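To find a chain, count down the sequence lines: A is the first, B the second, and so on, and within it residues start at 1. Since this is a predicted model, take the numbers as computed values, not measurements.
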Protein chains: 2
Amino acid sequence: MPRPRQPRLTRQLIVESATALIDAEGLPAFSTRRLAAELGVRGPSLYNHFATKDEILDAVADTVTGAVDTSGFASRDWLAALRDWAWSYRRALTAHPNIVPYLAQGPGRRPAALAMADAVYGGLVRAGWPPARATHIGAALRYFVAGSALGSFARGFVEDPELYAAHYPHLRQAHRLAEHQQSVDEGAFALGLDALLHGLAAEYTRTVDPVESARPTG
Amino acid sequence: MPRPRQPRLTRQLIVESATALIDAEGLPAFSTRRLAAELGVRGPSLYNHFATKDEILDAVADTVTGAVDTSGFASRDWLAALRDWAWSYRRALTAHPNIVPYLAQGPGRRPAALAMADAVYGGLVRAGWPPARATHIGAALRYFVAGSALGSFARGFVEDPELYAAHYPHLRQAHRLAEHQQSVDEGAFALGLDALLHGLAAEYTRTVDPVESARPTG
DNA sequence: GAATGAAAACTTACACCGCTAGTTTAGGAA
DNA sequence: TTCCTAAACTAGCGGTGTAAGTTTTCATTC
């Protein structure tokens with residue numbers, strides 16, 4: 001088959017198909033030949049649209065990151081904006097957990113990831129946090145969100161009661177974690193995020209703006 | 001070469017060499033042939049000692065996890081124990097960052113990982129936290145530590161001033177993050193951990209043991 | 001001491017991988 | 001009509017995990 005009348009591939013089609021493949025079968029199953037087969041094409045044809053496999057992964061990762069909402073930093077106080085952002089970030093990542101290990105390496109040159117970092121950092125600095133502190137806060141929240149999306153905590157435990165009964169006395173119920181996966185993972189995230197933000201609010205009051213924070217109406 | 005007088009491979013030798021290879025060149029460079037070559041042997045010989053490549057990775061991961069100190073849960077109050085554990089956990093992971101994406105999938109059937117989970121959960125329950133809460137706290141801290149070790153936040157930004165200058169006004173200094181990598185990453189971890197623990201301590205006072213917590217000497 | 005069986009290396013081979021090179025043909029522009 | 005580019009193709013390189021079968025050594029048993 002030489003060049004068809006209607007191109008069979010576009011960057012968008014490739015990214016969508018790649019996302020679906022990664023979601024369905026995981027990063028290891030994502031190969032250029034496999035992806036091409038899903039698109040009714042041979043492996044090397046993809047290289048007419050992307051230079052490398054990593055470039056496809058970058059596009060997938062940035063599409064995922066693009067779904068994160070950072071608008072709160074423009075409209076709300078920094079604490080509420082952080083909370084909204086963290087939840088949106090988590091939702092975006094848990095919708096495509098298999099790409100998280102790739103995406104979590106950092107923004108690299110991906111536009112959506114850089115725009116997100118820009119919005120968060122800018123919002124924190126505007127709120128009065130010293131630049132170094134703003135960097136730390138953004139990093140700490142990214143740590144927490146990425147870690148929470150990297151793999152389900154609950155599903156990390158094998159469903160094998162005998163495994164735990166023998167040697168790990170406190171984990172007797174661990175094999176049942178998978179049943180309540182979503183509630184365990186979301187509960188842990190909610191608890192951790194609340195604790196983190198609580199601590200940050202205290203730090204803000206202590207170091208950034210004691211007077212402003214003390215006032216009843218921000 | 002048939003069977004030598006002295007076996008050239010042992011499980012320990014293989015794990016040590018695999019760890020060194022992963023540390024030096026990353027997970028993608030870790031192949032059975034490559035590892036075998038480092039050991040002066042052909043690829044398939046490894047299968048006399050491990051059933052699969054993943055079994056080798058499990059052994060590496062569990063060796064890394066084995067370096068985490070959870071002794072605080074037996075000797076100190078829960079808050080200090082959590083702090084010590086988190087730092088020890090982080091040190092263990094950042095000493096071998098390339099294995100983190102694999103290890104962070106959960107404890108699976110790895111003994112050291114299960115022992116760690118057991119110690120943390122047991123310690124929190126003993127301190128009075130309700131079981132569900134203890135699970136959440138352990139998970140939240142694992143999220144944070146794993147996320148922080150998954151990849152350097154600082155090195156996630158490309159060292160290319162022009163990239164940021166054009167479109168990301170707040171990231172003008174981002175290309176310099178790599179220079180201060182360790183201080184950025186550790187600072188973010190310290191800040192986030194303190195905030196998290198601060199929030200947990202407040203929650204403890206509110207819900208678990210208001211009286212005990214209010215006393216001056218624990 | 002001979003025979004036996006397991007252990008630990010080997011070679012060969014399969015199906016897959018990312019990617020390069022060169023080929024073919026359709027479409028659009030001069 | 002001619003030519004260039006785009007977008008598919010086939011062929012192939014060097015790599016991957018691992019299964020299968022082979023060879024030799026060592027430890028054990030008769």
Separation of atom OH in A/Tyr47 from atom P in D/dC13, rounded to whole Å: 18 Å
pair A/Leu93-A/Val145: side-chain heavy atoms closer than 4.5 Å: yes
Value in whole Å for how far the C1' atom of C/dC19 lies from CG of A/Leu46: 11 Å
Closest to the B/Val41 side chain, choosing from C/dC10, C/dA8, D/dT18: C/dC10
A/Ile56 CD1 - C/dG18 P separation (whole Å): 9 Å
Nearest-Å distance for atom pair CG/P, residues A/Leu35 and C/dC16: 16 Å
Side-chain H-bond candidate by donor/acceptor type, B/Thr52 with B/Asp54, under 3.5 Å: no
Between B/Arg90 and B/Ser148: side-chain donor-acceptor atoms closer than 3.5 Å: yes
B/Arg42 side-chain N/O to C/dT11 phosphate OP1/OP2 under 4.0 Å: yes
Interatomic distance, A/Phe50 CZ vs D/dA7 C1' [rounded to whole Å]: 15 Å
Between C1' of C/dC10 and CG of B/Leu39, the distance in whole Å: 16 Å
Sugar-phosphate, base or nothing in reach of B/Thr32, heavy atoms under 4.0 Å: base
A/Arg34 vs C/dC17: side-chain N/O to OP1/OP2 distance below 4.0 Å: no
B/His49, nearest nucleotide to its side chain (from C/dG18, D/dT18, C/dA8): C/dA8
Atom-to-atom span, CG of A/Leu57 to C1' of C/dC17 - whole angstrom: 14 Å
Quiz item: A/Asn48 side-chain donor-acceptor pair to D/dA6 base, under 3.5 Å: no
Candidate nucleotides C/dC17, D/dG17, D/dT10, ranked by approach to the side chain of B/Arg33 - the nearest: D/dG17
Nucleotide nearest A/Ser45 (side chain, heavy atoms from C-beta), chosen from C/dG18, D/dG17, D/dA8: D/dA8
Side chain to side chain, B/His136 and B/Trp129, heavy atoms closer than 4.5 Å: no
Protein-nucleotide distance (A/Arg11, atom CZ; D/dA6, atom P), rounded to Å: 14 Å
4.5 Å side-chain heavy-atom contact, A/Val158 and A/Tyr164: yes
Nearest listed nucleotide, side chain of A/Pro44, among D/dT16, C/dA21, D/dA7: C/dA21
